[in-house]
Protein chains: 2
Amino acid sequence: MKFDDKIPIYYQIKEYIYRQMITGKLEPGEKMPAVRQLAVDLTVNVNTIQRALSELVTEKMVESKRGRGNFVTEDTSKIKELKDKLIMEQLKQMYDGLQKLGVSDQEILDYVSRYVKEQERDQK
Amino acid sequence: MKFDDKIPIYYQIKEYIYRQMITGKLEPGEKMPAVRQLAVDLTVNVNTIQRALSELVTEKMVESKRGRGNFVTEDTSKIKELKDKLIMEQLKQMYDGLQKLGVSDQEILDYVSRYVKEQERDQK
DNA sequence: CTTAGTGTTATATCTGTCTATTACACTATA
DNA sequence: TATAGTGTAATAGACAGATATAACACTAAG
């Protein structure tokens, strides 16, 4: 997996796992890959995986069962809340970022609609 | 100044200076505040300012004149290009981020237009 | 020529992140 | 009860970023 070298790897792994849960690639209650396996898959050290997982456990997004594995929370509302939170953060970051560049609200709307149209066209 | 502790400070200072140039708070050819003054203003070490500035000099966004000061480039097209680049990066990051969360193009448009409307309302 | 103001460079130290490695603890099952 | 698979913890080392501090180099102005 490719990482942004400006952001801690353990943090990017957290975000990766968040996305797996939100998009259903990891379902509620599902057993996650073993830490050593994740380390191989993401080509990082086990301790780095552990750092990410321990924070997910603290947040109760993951339940850890010693000797058995790590399991995605069964609390679907928690996953939904997380999705909403991450979406809002994306919107806020974009909005604040553009505003700090002196882009007006109307221009933001224009830029976004044009950008999305171009993406739709390019993917066809 | 407040910094995001997940991103190097020198890098955030670069972005800060970019914004100053793009919004005209720093004009083309203008003399910038002294490095020691910037360090005080942003409450960071001189070396950290220097790290940011040296990259800006490498990029030719800033011209350094020993004993006289640092000066914003007089090349206005370079500043315009930078603004376009930063806007595109913001759009891309938001779009990619939301898409990875499983949000459709139409939903992205809806979220953004709703978000902008709310911001307009709240600021009044 | 001196001095104040500027950028530049260097050293030592601290902290956070990441790695490699080893060991320990628990669970399921053959 | 042995063993394979799992999570957990601890140590040591490397590296990047940030700090404090000092010194050096150049410029402008008195």
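The analysis underlying the following values was restricted to heavy atoms, covering all of them including side chains, and did not include hydrogens, waters or symmetry mates.
- Listed pair Y10(A) / dT17(C) meets the phosphate criterion, a side-chain N or O lying under 4.0 Å from OP1 or OP2.
- K100(B) has no carboxylate O lying under 4.0 Å from a charged side-chain N of E15(A), or vice versa, which leaves the two without a salt bridge.
- Comparing dT6(D), dT9(C), dG17(D) by their nearest atom to the side chain of Q50(B) picks out dT9(C).
- The interatomic distance linking L38(B) (CG) with dG5(C) (C1') rounds to 14 Å, in whole Å.
- Taking atom CD1 of residue I7(A) and atom P of nucleotide dA16(D), one finds them 18 Å apart after rounding to whole Å.
- Between the CD1 atom of I49(A) and the P atom of dG7(D) there is a distance of 11 Å, rounded to whole Å.
- A heavy-atom distance below 4.5 Å is found between the side chains of I17(A) and M21(A).
- Atom pair I9(B):CD1 and dC14(C):P shows a separation of 18 Å (rounding to whole Å applied).
- For P8(B), counting side-chain heavy atoms from C-beta on, the closest listed nucleotide (dA18(D), dT19(D), dG7(C)) is dA18(D).
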Check: residues 101-112 of chain B side-chain donor-acceptor pairs under 3.5 Å, at least two apart:
from: S104(B); atom 1: OG; to: E107(B); atom 2: N; distance (Å): 3.1
from: S104(B); atom 1: OG; to: E107(B); atom 2: OE1; distance (Å): 3.3
from: D105(B); atom 1: OD1; to: Y95(B); atom 2: OH; distance (Å): 2.7
from: D105(B); atom 1: OD2; to: Y95(B); atom 2: OH; distance (Å): 3.4
from: Q106(B); atom 1: NE2; to: D110(B); atom 2: OD1; distance (Å): 3.1
from: E107(B); atom 1: OE1; to: S104(B); atom 2: N; distance (Å): 2.8

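- Rounded to a whole Å, the NZ atom of K6(A) is 11 Å from the P atom of dA18(D).
- Applying the 4.0 Å criterion to OP1 and OP2 of dT8(C), one finds that S54(B) has every side-chain N and O outside that range.
- A search for salt bridge (Lys or Arg N to Asp or Glu O under 4.0 Å) contacts involving E89(A) returns K85(A), not counting sequence neighbours.
- Judged by distance alone, with hydrogens and angles left aside, N45(B) brings a side-chain donor or acceptor within reach of the base of dA20(D), the pair sitting under 3.5 Å.
- The residue among D5(A) and V35(A) whose nearest nucleotide of DNA chain D lies closer to the 5′ end is V35(A).
- Contact between the side-chain N/O atoms of T48(A) and the OP1/OP2 oxygens of dT17(C) is not found at any separation under 4.0 Å.
- We find that CZ of F71(B) is positioned 12 Å from C1' of dG5(C), with the value rounded to whole Å.
- Looking only at side-chain heavy atoms (C-beta outward), Q119(B) and Q99(A) stay at 4.5 Å or farther from each other.
- Listed nucleotides: dT6(C), dG7(C), dT17(C). Nearest to the side chain of R51(A): dT17(C).
- One finds a side-chain N or O of S64(A) lying less than 4.0 angstrom from the OP1 or OP2 phosphate oxygen of dT8(D).
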Polar atom pairs (N or O), protein with nucleotides 22-26 of chain C, under 3.5 Å:
from: dA25(C); atom 1: O4'; to: R66(A); atom 2: NH2; distance (Å): 2.7

Name the atoms and distances for all side-chain donor-acceptor pairs under 3.5 Å in residues 39-51 of chain B, with sequence neighbours left out.
from: D41(B); atom 1: OD1; to: Q37(B); atom 2: NE2; distance (Å): 2.9
from: N45(B); atom 1: OD1; to: N47(B); atom 2: N; distance (Å): 2.8
from: N45(B); atom 1: OD1; to: N47(B); atom 2: ND2; distance (Å): 3.3
from: R51(B); atom 1: NH2; to: Y10(B); atom 2: OH; distance (Å): 3.3

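- Residue L53(B) contributes atom CG, which lies 8 Å from atom P of dT8(C) at whole-angstrom precision.
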Identify each donor-acceptor pair in which a side-chain atom of residues 67-75 of chain B lies under 3.5 Å from a protein atom, sequence neighbours left out, and give them as a table.
from: N70(B); atom 1: OD1; to: S64(B); atom 2: OG; distance (Å): 3.2
from: T73(B); atom 1: OG1; to: D75(B); atom 2: N; distance (Å): 3.0
from: D75(B); atom 1: OD1; to: S77(B); atom 2: N; distance (Å): 3.1
from: D75(B); atom 1: OD1; to: S77(B); atom 2: OG; distance (Å): 2.7
from: D75(B); atom 1: OD1; to: K78(B); atom 2: N; distance (Å): 3.2

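- Taking the side chain of V44(A) as heavy atoms from C-beta on, and the options dG7(C), dT19(C), dT6(D), the nearest nucleotide is dT19(C).
- Residues forming a side-chain contact (heavy atoms from CB on, under 4.5 Å) with T76(A) (at least two apart in sequence, or on another chain): P28(A).
- Between the NZ atom of K31(B) and the P atom of dA28(D) there is a distance of 11 Å, rounded to whole Å.
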